[in-house]
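Hydrogens, waters and symmetry mates play no part in the numbers below; they use all other heavy atoms, side chains included.
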Amino acid sequence: MPQEENITVSRENQALPNDDRYDAQRIEPRWFERWQDASLYAAERDSTKQKYYVLEMLPYPSGVLHMGHVRNYAIGDALARYMWMNGYNVLHPMGWDSFGLPAENAAISANVPPREWTLRNIANMKAQMKRLGFAYDWSREVTTCLPEYYRWNQWFFLKFYEKGLAYRKKSKVNWCPKCATVLANEQVAGGFCWRHEDTRVEQRDLEQWFLRITNYTEELLRDVEKLGNWPEKVRTMQRNWIGRSEGTLVDFKLDGASDSPDSIITVFTTRVDTIYGATSVQLAPEHPLVARLTKNNDPLRASVEQLIAEQRKAKEVGDIGAIEKHGVNTHRVAVNPYNGERVPIWVANYILMDYGTGAIMSVPAHDERDFEFAKKYGLPTPVVIVPRPDDPEETVVEPALPFTTLQGTLVNSGPFSGLDCEDAIQKMSAYAEEHGFGKATVTFRLKDWGISRQRYWGTPIPMLYCAKDGIVPVPEKDLPVLLPEKVNITLSGGSPLAKVPEFVNATCPKCGGPARRETDTMDTFVDSSWYFYRYTDARNDREPFDKEQAGYWFGERGIDQYIGGVEHAILHLIYSRFWTKFMRDMGMVKNDEPAQRLFTQGMIIKGGAKMSKSLGNVVSPDDMIARYGADSTRMYTLFATAPDRELDWQDEGVEGIQRFLGRVYRFVVRNAANGSHATKETLQATSLQPEARVIQRKLHQTIKRVSDDFQGRWHFNTSIAAIMELVNELYAAEGAIAKDRVPKPLLMEVQRNLVLLLAPFAPYLAHELWEMLGEKGNLLKASWPKYDPALAKEDEIEIPVQVNGKLRCVVVVPAGSSEDTIREVALADEKIKAAVAGKQIVKVIVVAGKLVNVVVR
RNA sequence: GCCGGGAUGGCGGAAUUGGCAGACGCGCUGGACUUAGGAUCCAGUGCCGCAAGGCGUGCAGGUUCGAGUCCUGUUCCCGGCACCA
């Protein structure tokens, strides 16, 4: 029996275990110990190598890693290791997005100070990451809740303030009762809090600090086009979020009022071409004019109050789209500046104050919503757009209403009749501008970023309020404004910091008099907007980071590869793009965009549903590591499906990987000694026995497949499948190996390369086997294998032969055979002869190297 | 409603350009080794059929010598956006 023989051989080598059972729990801790050396993955600037910055999104330290994290980091780690082995100077850091509400909840429910709770979680999760064998440069670890980091949030805030990009204003804000704080627009999903899917967001009026992201709206939108290596989905989501809309502002005058500016109603419309069909002006219930119009009219004011309530409720419920349209006629009249027509002014519950101007013109014939509204109230629907006639002779047809297409022609529109819609929009906008009652304009959905949070566990906003000097920024030299440690946290009664007198009471830096400190803290998305720059110079205590360091690692185009969940497609990724552009304008960085390539991994589900505690289908990484080892766990997340697709978790699948790693382990245990004294030269293909040649070919094909996957589509599931095929081939050749028909140098080469190919996916086992093969040192410094196309080439190929498109047989021809040869061989085949017998061959299609199709009649 | 993504064996999934559908893994069946096997190794495994053969990539059409892949229509599932004027 071949196995016995090989085991005997391997036992001669002292370095080899006498047990060929793969035991991750024995192997992994040994390497884990050695990998504690902090300098192992430390990145340094090195002008002799090309830099490569690979980054996974930093986690919130909730307590334990979940499988989604493992998948995310397994992708990044495989890539980082691959790039290291290809000679790049790799930066692969990790950190903690560690401010946020859960720490406060823990403080309330478990009576643990947020800082302590957070740091404990970080320690735990960091240990998990290390146990999983992820190769991070921990010397650059960033922890956003520590003053060393958040002081730079404050520094940035002061810079924004200096440049007029941070301002304070009272506004209607989204309030989550559970978070007991304000949410940015981006943090509200369909009327519900993004963290509390069952909690409706309320509308409140509060003084807030805003960052003027809208200064960059156009650029943020334009540069989406530059992000060619971002998923199209994310780019679309960003475009939609920014929500650019071209239209026209048109001033309607209040009839009978003076010419003062406050008697003008400016409406925003994308369809000014339909304005001759306007039958009313509709105001948002909260439009400033409404208050004036209702001043001396109690019944009207009551109706408007009703509309406000309806709208607010709909917003809170989250389906303003489903609100029943409802309005009230103010019995005031506005004048259409194009035709002087007097139209009634209504107030309606479906008009939003925070989009456009909060006022619209209603054109029932050519807008679905206006049509619905007009029908309800029996308003007229005059037609001003008709289908564009293909044939000029054709009589004008009355379109079915509402007729909303842009492919139409204007009628009953004074001097503009006869124009096509798009042309009319241009001309009519220009006309409005000439006559001073309007202009073409662009509106955006994107609003300024409200960053104030009435919470404790966040970055204090470095501002002071002085009775004499008003709003005064904390001087830069006084940073950081430290979060006080002893704070009584509750989820009600506003900002917890407001109840800490030592914090609140300060001195005005201008007049030296008493001042009150701002007690709101910053949105945690501030922390994550620039953390990846901090990694380039994480211990700098003079500035957020050194310009040279950031310049080296970011270059002109930013992070080489950013990897994370698609759930951050809007929030984090739009804020950090904004922050980068601000820093660029400050001269801190050269790149316009934070990341040149973005990859969003798919979700993990189990049993058809998202993993969640309530469903009880959560798979714990710790359990998996205990049962199967870190290598099997992380490798399974790459094997189960392509990394950008949803992953359906199956424990049996992890077992399969463990079994595979066992096969690799056993093969090397049995064969390492066989080749250990052999040279490392590649053998000529012609000198090999057929069994050996099969192995050699498969090896080079596998190297190609795995390398191509790293370079291209990242389908690591197929990379791993390819390596499995190679191993299956090796097992099939065990007989030949026993009979010495596989030369020792080849056996050595195949094992060495197999281990190298495995290193990005199963680093523990790879290191173990590498040593077993008599090699030393960190595998990251070993070179990624190169394949030889000549050795990967097949000598013979199989050509399927079809008759009328149906497979009839497969013939074997030498690789590179001419079409004529292939045709001849195919037609000579007995099965083909039989299938063709008695029929007329119409034509024979030969695709060299692919197939033959004989068409008969 | 609009914009993305998807639908392939019992299961997870393969199949860069149209060219042997089902790689690889799981599961299952049989065998070997064994005191034992939930270890390991070998073989088989899309469906129907004893076979020859036929049928098969959500559904209905089409283009083509040839379609999982391209075109038209349609259903369902997942994600995002949504009175955005």
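- Here the nucleotide nearest the side chain of Leu807(A), chosen from rG12(B), rC42(B), rC20(B), is rC20(B).
- With rC84(B), rC24(B), rC26(B) as the choices, the nucleotide that has an atom nearest any side-chain atom of Arg659(A) turns out to be rC26(B).
- Judged by atom type and distance alone, Asn240(A) does not reach the base of rC81(B) through any side-chain donor-acceptor pair under 3.5 Å.
- Note that Lys325(A) lies in the cation-pi zone of Tyr350(A), set by a 6.0 Å cut-off to the ring centre and a 45° limit from the axis.
- A salt bridge between Glu729(A) and Arg697(A) is absent, with no side-chain N of the basic residue lying under 4.0 Å from a carboxylate O of the acidic one.
- Mapping Ala722(A) and Arg271(A) onto RNA chain B by nearest heavy atom places Ala722(A) at the nucleotide closer to the 5' end.
- Among rC65(B), rA14(B), rU17(B), the nucleotide with an atom closest to any side-chain atom of Lys850(A) is rU17(B).
- At the phosphate of rG80(B), neither OP1 nor OP2 sits under 4.0 Å from any side-chain N or O atom of Thr236(A).
- Ring geometry for Phe437(A) versus Tyr338(A): interplanar angle over 60°, hence perpendicular rather than tilted (30 to 60°).
- For the OP1/OP2 pair of rA15(B) and a distance below 4.0 Å, the side-chain nitrogens and oxygens of Arg713(A) include at least one atom meeting the criterion.
- Distances shown here put a side-chain N or O of Arg663(A) below 4.0 Å from the OP1 or OP2 atom of rC41(B).
- The base of rC78(B) has none of its N or O atoms less than 3.5 Å from a complementary donor or acceptor on the side chain of Glu646(A).
- Between Phe716(A) and Phe710(A), the ring planes lie tilted relative to each other; the angle falls in the 30° to 60° range.
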